[in-house]
Amino acid sequence: QVQLVESGGGLVQSGGSLRLSCIASGPIFAINTMRWYRQTPGKERHLVAVIDTGGATDYADSVKGRFTISRDNAKSMVFLQLNSLKPEDTAVYYCNIDIVQTILPRSLDAWGQGTLVAVSS
């Protein structure tokens, strides 16, 4: 089965930086749009950043100018660079990838297990 494995989360001080990584493996034919979401316990999961197949990116207003999403198609990876972190950025961050599989069903909405980012003041 397709699996997404995330890493890079941790505890950092306000103003610090982290780089989150997510790698996809399994019966993958192609990878399309890639996204990062975040969620705080008791709150709704929100879209943070998105990157399409052409490399075009978009961000939530709350992180614009501070976070950068990127992808490495050859390695089936997506990254999220988090700079100038604030306490309100504290959340579990999830990668989400639109995948075309080599098996049925061909279209798959894949999710990672989440990685915790905690920002102290």
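Keep in mind that what you see is a predicted model, and the values were worked out from it rather than measured. All heavy atoms count here, side chains included; hydrogens, waters and symmetry mates do not. FYI, the numbering just counts along the sequence from 1.
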Report task. Would you check if Asp98 and Ile31 make a side-chain contact, meaning some heavy-atom pair closer than 4.5 Å? Result -> no
Requested in this report: Calculate, to the nearest 0.5 Å, the distance between atoms CG and OG belonging to Leu85 and Ser17 respectively.
Outcome: 6.0 Å
**Report entry** Heavy atoms from other residues, nucleotides or ligands near NZ of Lys64 exceed 12 (cutoff 6.0 Å)
**Finding:** yes
Requested in this report: Please report the shortest heavy-atom distance between Asn32 and Thr53, naming the atom on each side.
Outcome: CA-CG2, 3.5 Å
Query raised in the report: Under a 4.5 Å cut-off applied to non-hydrogen side-chain atoms, are Thr90 and Val117 in contact?
Result: no
Query - side chain to side chain contact (heavy atoms under 4.5 Å, CB included) partner of Phe67, chosen from Asn83, Val48, Thr57 - result: Val48
Query raised in the report: What is the distance from atom CG of Leu80 to atom SG of Cys22, rounded to the nearest 0.5 Å?
Result: 11.0 Å
Query raised in the report: Are any of the side-chain heavy atoms of Thr68 and Phe79 separated by less than 4.5 Å?
Result: no
Query raised in the report: With no hydrogens and no angle check, is any side-chain donor or acceptor of Ser14 less than 3.5 Å from a backbone partner on Ser121?
Result: no
Query raised in the report: Should Leu4 and Ile23 count as side-chain neighbours, where that means a heavy-atom distance under 4.5 Å?
Result: no
Query - Close side-chain approach of Ser25 and Val2, heavy atoms under 4.5 Å - result: no
Requested in this report: Among Leu116, Thr115, Thr40, find the residue that satisfies the side chain to side chain contact (heavy atoms under 4.5 Å, CB included) test when tested with Val92.
Outcome: Leu116
Query raised in the report: Are Met77 and Met34 connected, step by step, through hydrophobic side chains (Ile, Leu, Val, Met, Phe, Trp, Tyr) whose heavy atoms are closer than 4.5 Å?
Result: no
Report task. Please check if the side chain of Asn96 supplies one atom and the backbone of Ala110 the other of a donor-acceptor pair under 3.5 Å. Result -> yes
Query raised in the report: Is Asp89 salt-bridged to Lys86, going by a charged N under 4.0 Å from an acidic O?
Result: no
Query raised in the report: Step by step, would you call Leu20 with Glu6 a side-chain contact (heavy atoms from CB on, under 4.5 Å)?
Result: CA-CA 7 Å; Leu20 308 183; Glu6 304 177 11; over 6 Å; no
Query raised in the report: Do Val50 and Trp111 belong together in a cluster built from hydrophobic side chains that touch within less than 4.5 Å?
Result: no
Report task. For the pair Tyr59 (side chain) and Ile69 (backbone), establish whether a donor and an acceptor sit closer than 3.5 Å, ignoring hydrogens and angles. Result -> yes
Report summary line: Rounded to the nearest 0.5 angstrom, the OG-CD1 distance for Ser70 and Ile51 is 6.5 Å
Report task. Scan for ring pair (Phe, Tyr, Trp, His ring centres under 6.0 Å) pairs involving residues 1-35, sequence neighbours excluded, and state none if there are none. Result -> none
Query raised in the report: Under 6.0 Å from the six-membered ring centre of Trp36 and within 45° of its axis: does the NZ or CZ of Arg19 meet both?
Result: no
Query raised in the report: Same hydrophobic cluster for Tyr37 and Leu108, using side-chain heavy-atom links shorter than 4.5 Å among ILVMFWY?
Result: no
**Report entry** Heavy-atom donor-acceptor pair, Gln13 side chain to Val119 backbone, under 3.5 Å
**Finding:** no
Requested in this report: Locate the shortest heavy-atom distance separating Arg71 from Asp52; write the atom from each residue and the value.
Outcome: NH1-O, 2.9 Å
Query - disulfide (SG to SG under 2.5 Å) pairs, two or more places apart, involving residues 45-75 - result: none
Report summary line: Of all heavy-atom pairs linking Val78 and Cys95, the shortest is CG1-CB, 4.2 Å
Query raised in the report: Looking at side-chain heavy atoms only, is the closest gap between Gln81 and Leu18 below 4.5 Å?
Result: no
Query raised in the report: Has the side chain of Arg38 got a donor or acceptor atom that lies under 3.5 Å from a matching backbone atom of Ala91?
Result: no
Requested in this report: Identify whether NZ of Lys or CZ of Arg in Arg45 sits under 6.0 Å from the centre of the six-membered ring of Tyr94 and within 45° of that ring's axis.
Outcome: yes
**Report entry** Shortest non-hydrogen contact between Arg66 and Ser84, atoms and distance
**Finding:** NH1-O, 3.0 Å
